[in-house]
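Just so we're on the same page: letters track the sequence lines, and every chain starts at 1. No hydrogens, no waters, no symmetry mates; every other heavy atom, side chains included, goes into these values.
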2 protein chains.
Amino acid sequence: MQSSHRNLTQQLVHELGTNILAGKYSADDAMPSEADICDQYGISRTATREAIKMLTAKGLISSRPRQGIKVLALKHWNLFDSDVLSWILTGKPDLKMLRYFLQLRLAIEPEAAYLAAQYASPEALKEIESALARMQQATNGYDDSHEADIEFHKSILRASNNPFYQQLQVFIETALKVNIRFTNRMKAVTEDEYQAHVTIFEHIKNHRAQAASDAALITQKATLAIVDDKLNKLKK
Amino acid sequence: MQSSHRNLTQQLVHELGTNILAGKYSADDAMPSEADICDQYGISRTATREAIKMLTAKGLISSRPRQGIKVLALKHWNLFDSDVLSWILTGKPDLKMLRYFLQLRLAIEPEAAYLAAQYASPEALKEIESALARMQQATNGYDDSHEADIEFHKSILRASNNPFYQQLQVFIETALKVNIRFTNRMKAVTEDEYQAHVTIFEHIKNHRAQAASDAALITQKATLAIVDDKLNKLKK
DNA sequence: ACAATACTATTTATAATACAAATAAAAACA
DNA sequence: TGTTTTTATTTGTATTATAAATAGTATTGT
């Protein structure tokens, strides 16, 4: 178990969480009992149980007398929990997972742009604009373009003025990171991509909600189409 | 603390969770310490700490030495956690909250219908159809129409074949329950509403993805417009 | 007077032990 | 064979003790 600034319980949560997401305990009954975990990691039952409770709260496992600890089915997992999302990222997501992410981004982001155009505060607008500026600098090599890209998408969610959309920031961030990993570009964001982002921002700034939504939709559809295509070819 | 079939830790999680969502500890430092909670509910530190860890895992609180336990800002809460959603429902959500729900449903449900039209399995289609049948029976007074309505919307999410959309079943269910509470209808779902649902199903069944999405969108927009209107009038 | 440092008190973090409760599996029984 | 009882295993709860972290206070040196 890696040493760290975090306490024992949190370290164990992280360790077991990554293992579960990596499918290490998929053999159904392969999840160790409380006592096993204590032995294996050399820590007390107190810390172990608290870690187990945290994973239970995130929907990853169940823990009952005599039955022991079991990894639950995927449908019980809190997939929008930021820890769970970070563990997905650790666990080598495949193309299918990328498609799942894109399919939800396609729903979320255009509507978030719509809401941002309606409700964004001046401060929220400034945040979007500053992320955009960082992207431009990055095309000149002065900044990390992908980081700025992520910040742009997150700032629109914040501008939506809706706590549910705001909560989805980590989801979108993870989706973008998975996407970046697959497109495998060491290269920065292209000029075309940057211009598409500028268009979205201009529409938001000028309160053209439907136009902002449409502009966001187009990019999403294009990206998803490419991945759908790849997956269809793989099937053959 | 209500007695129940659940164990002490789970009872305490529920108790504290509902209190937090009800804004009982909003006074910043009003959250009691471990020792206080033990006294107040007459239970051991073990059970108390495990409950605190579960609430921490859901993003509701933080707990650090010397600082004690604090309710975190809304943006840290895992709003898509099914427990948190159930506690929102307990906590008398207002019109603004209903709008937040509707704004996200507007994004999710049309796209879910789109995906269902593309990917639904025969079994998934049967589930949608059977929910629809229950709605029709309900117009004749033989079933709970709202329950059937909720089941209809959830079955489309399941049919999407995407774990993220499937995970949002509890969110949509909660959104519908909040909506039902506000429209305050003792009456069943109307014939018009039922027909709108039939249309969506037919499009899904016949793989007309865009038509299914559009049909789902129309109802959502109408509902949101009504609530937006109410809120605007309240501001004046 | 001020800044840096050391101290102290409070609260959570971890460990260890003991026993209670739940329950799956095995044994006894009708 | 089907039902009931027993048993063994695993988690649930309680208690006590000590360690670690840290906000607030006091001290010290300049």
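- As rounded to whole Å, 14 Å separates atom P of C/dA13 from atom CD of A/Gln11.
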Contact list (N/O, under 3.5 angstrom) for nucleotides 14-18 of chain D vs protein:
| from | atom 1 | to | atom 2 | distance (Å) |
| --- | --- | --- | --- | --- |
| D/dA14 | OP2 | B/Ser44 | N | 2.8 |
| D/dA14 | OP2 | B/Ser44 | OG | 2.7 |
| D/dA14 | N7 | B/Thr46 | OG1 | 3.0 |
| D/dT15 | O4 | B/Thr46 | OG1 | 3.3 |

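- Going from atom CD of A/Glu50 over to atom C1' of C/dT14 covers 8 Å, rounded to whole Å.
- Side-chain nitrogen and oxygen atoms of A/Lys53 include at least one within less than 4.0 Å of the OP1 or OP2 phosphate oxygen of D/dG12.
- When rounded to the nearest whole Å, the span between NE2 of B/His5 and P of C/dA21 equals 18 Å.
- Here C/dT14 presents its P atom at 10 Å from CG of A/Leu12, a figure rounded to the nearest Å.
- Contact of the A/Ile200 side chain with the A/Ile128 side chain is not registered, since no non-hydrogen atoms from C-beta on lie closer than 4.5 Å.
- Two rings, from B/Phe101 and B/Phe171, have their centers less than 6.0 Å apart.
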So B/Ser86 and B/Asp83, side-chain hydrogen bond (donor to acceptor under 3.5 Å, both in side chains) or not? Walk me through it. CA-CA 5 Å; B/Ser86 82; B/Asp83 288 324; 4.8 Å; no
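- Applying the side chain to side chain contact (heavy atoms under 4.5 Å, CB included) rule to A/Ala57 yields the partners B/Met54, B/Ala57, B/Lys58; only residues at least two apart in sequence or on another chain are considered.
- A side chain to side chain contact (heavy atoms under 4.5 Å, CB included) with A/Glu173 is found for one member of A/His153, A/Glu151, A/Lys154 and no other, namely A/Lys154.
- Less than 4.0 Å separates DNA chain C from at least one heavy atom of each of the following residues of residues 58-68 of chain B: B/Ser63, B/Arg64, B/Pro65, B/Arg66, B/Gly68.
- A/Glu50 contributes atom CD, which lies 10.5 Å from atom CG of A/Leu12 (distance to the nearest 0.5 angstrom).
- Note: B/Phe80 and A/Phe164 have tilted aromatic rings, judged against thresholds of 30 and 60 degrees for the angle between ring planes.
- In this entry the distance linking NZ of B/Lys70 with P of C/dT11 reads 14 Å, nearest Å.
- Looking at heavy atoms from C-beta onward, A/Asn161 lies out of side-chain contact with A/Leu115 at the 4.5 angstrom threshold.
- Per the geometry, CG belonging to B/Asp39 stands 12 Å off P belonging to C/dT11, to the nearest Å.
- For the pair A/Ile52 CD1 and C/dT14 C1', the interatomic distance rounds to 15 Å; values are reported in whole Å.
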